[in-house]
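Have a look at the structure below before the remarks.
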Amino acid sequence: MDRYILIVEDEQRLATLLGEYLQQAGFSTSWLQSGESVVSRVRERAPQMVLLDLMLPGKDGLTICREIRQFSQLPIMMITARVEEIDRLLGLELGADDYICKPFSPREVVARVKAVLRRGQQIKEQEETPLLQLDQAACTASLAGQQLELTAVEFRLLSALAAQPGRIFSRDQLMSHIYRDQRIVCDRTIDSHIKKLRKKLADAAPDLEMIHSVYGVGYKLER
Ligand code: CA
């Protein structure tokens, strides 16, 4: 079903508001108030995307997200009432495509929904001719046909981000990818590696901004 979004939210006021804004943006929506029937609804109607509240009666958003991921890669945007939760959710590696914190502006949700869908579309288009190519055996990478001169740390950083485009990685998660000996380094170390990596990517493809910072959370790679 094209442009159909499933909203799972137990607060009726919020669900109605989200539904109205998404419909204005040209989506059709339906709403489930509790968690039990979400998975079967997703199987039946194959929404283009699910907006999934974390705290739900019946079955919580974490469990639902895991269950959906067992059979589908459809975009999932998790909604949580606490910004501190986002770090924990990232750590659980649920495979959600984005996280949004309450209170949110419905306009922002619509913009993020569109961004996630656009990203999915771009990934599909680029699967045939990947812009960024990584050779794990040789530890080399190329962007838009140009070989990148990366240090070992930069290569591991890029590999980690590129393994799951669109996923937000916290600095801690990136740190554990690039330093296998668990040495203690400060957050700013990641920032400085990212800065150098960005510069090398920009040299190869000036029009692409590939690595995005997510304020207060970490980094993600956009394709
Ligand atoms: Ca709730």
Side-chain angles (χ1 to χ4, degrees), residues 1-120 164-173 212-220 222:
M1 186 74 67
D2 211 26
R3 295 190 61 84
Y4 158 59
I5 294 183
L6 177 60
I7 300 167
V8 188
E9 169 60 74
D10 57 320
E11 289 171 65
Q12 181 169 7
R13 191 185 54 82
L14 269 186
T16 307
L17 197 62
L18 279 175
E20 282 170 5
Y21 270 79
L22 287 166
Q23 284 160 27
Q24 274 169 25
F27 295 97
S28 66
T29 61
S30 65
W31 170 46
L32 289 175
Q33 194 162 11
S34 73
E36 298 96 338
S37 53
V38 177
V39 172
S40 58
R41 176 70 68 90
V42 168
R43 284 187 188 277
E44 277 161 28
R45 287 201 55 191
Q48 207 181 1
M49 184 157 175
V50 180
L51 299 186
L52 183 57
D53 187 24
L54 186 64
M55 300 290 283
L56 288 166
K59 192 188 273 186
D60 68 277
L62 297 182
T63 310
I64 295 169
C65 188
R66 284 206 183 92
E67 288 180 8
I68 293 176
R69 278 292 170 262
Q70 284 172 13
F71 66 93
S72 171
Q73 288 304 312
L74 94 158
I76 299 175
M77 186 179 294
M78 300 288 286
I79 302 172
T80 168
R82 299 207 329 239
V83 71
E84 317 89 80
E85 274 282 278
I86 291 179
D87 251 341
R88 189 176 74 87
L89 293 171
L90 287 174
L92 293 174
E93 302 191 358
L94 294 166
D97 295 83
D98 204 352
Y99 296 85
I100 201 148
C101 200
K102 291 179 192 174
F104 49 73
S105 90
R107 204 166 279 148
E108 192 199 343
V109 175
V110 171
R112 305 251 303 251
V113 164
K114 286 181 177 168
V116 167
L117 294 176
R118 214 164 32 231
R119 194 159 72 211
Q164 286 165 285
R167 185 190 140 184
I168 307 163
F169 288 85
S170 69
R171 290 184 175 79
D172 280 347
Q173 288 169 338
H212 289 250
S213 337
V214 182
Y215 183 74
V217 185
Y219 292 100
K220 64 177 179 178
E222 204 96 53

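Note: hydrogens, waters and symmetry copies are ignored here, and every other heavy atom, side chains too, is used. None of the values given here were measured: they were computed from a predicted structure. Whatever order the structure lists ligands and atoms in, that order sets their numbers, starting from 1.
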Query raised in the report: Can you tell if the side chain of M78 reaches within under 4.5 Å of the side chain of E85, non-hydrogen atoms only?
Result: no
Query raised in the report: Crowded around M77 CE? As in, over 12 foreign heavy atoms under 6.0 Å?
Result: yes
Requested in this report: Could you tell me whether the Ca ion (ligand 1) has an N, O or S atom of E9 under 3.0 Å away?
Outcome: no
Query raised in the report: Do you see an N/O/S atom of E11, backbone or side chain, under 3.0 Å from the Ca ion (ligand 1)?
Result: no
**Report entry** Any donor-acceptor pair under 3.5 Å from R69 side chain to S72 backbone
**Finding:** yes
**Report entry** Of L18, V8, L54, V109, the residue whose pairing with I79 passes side chain to side chain contact (heavy atoms under 4.5 Å, CB included)
**Finding:** L18
**Report entry** Shortest-distance N, O or S atom of D10 relative to the Ca ion (ligand 1)
**Finding:** OD1
Query raised in the report: What angle, in degrees and rounded to 10°, do you get at the Ca ion (ligand 1) when you join it to O of M55 and to OD2 of D53?
Result: 80°
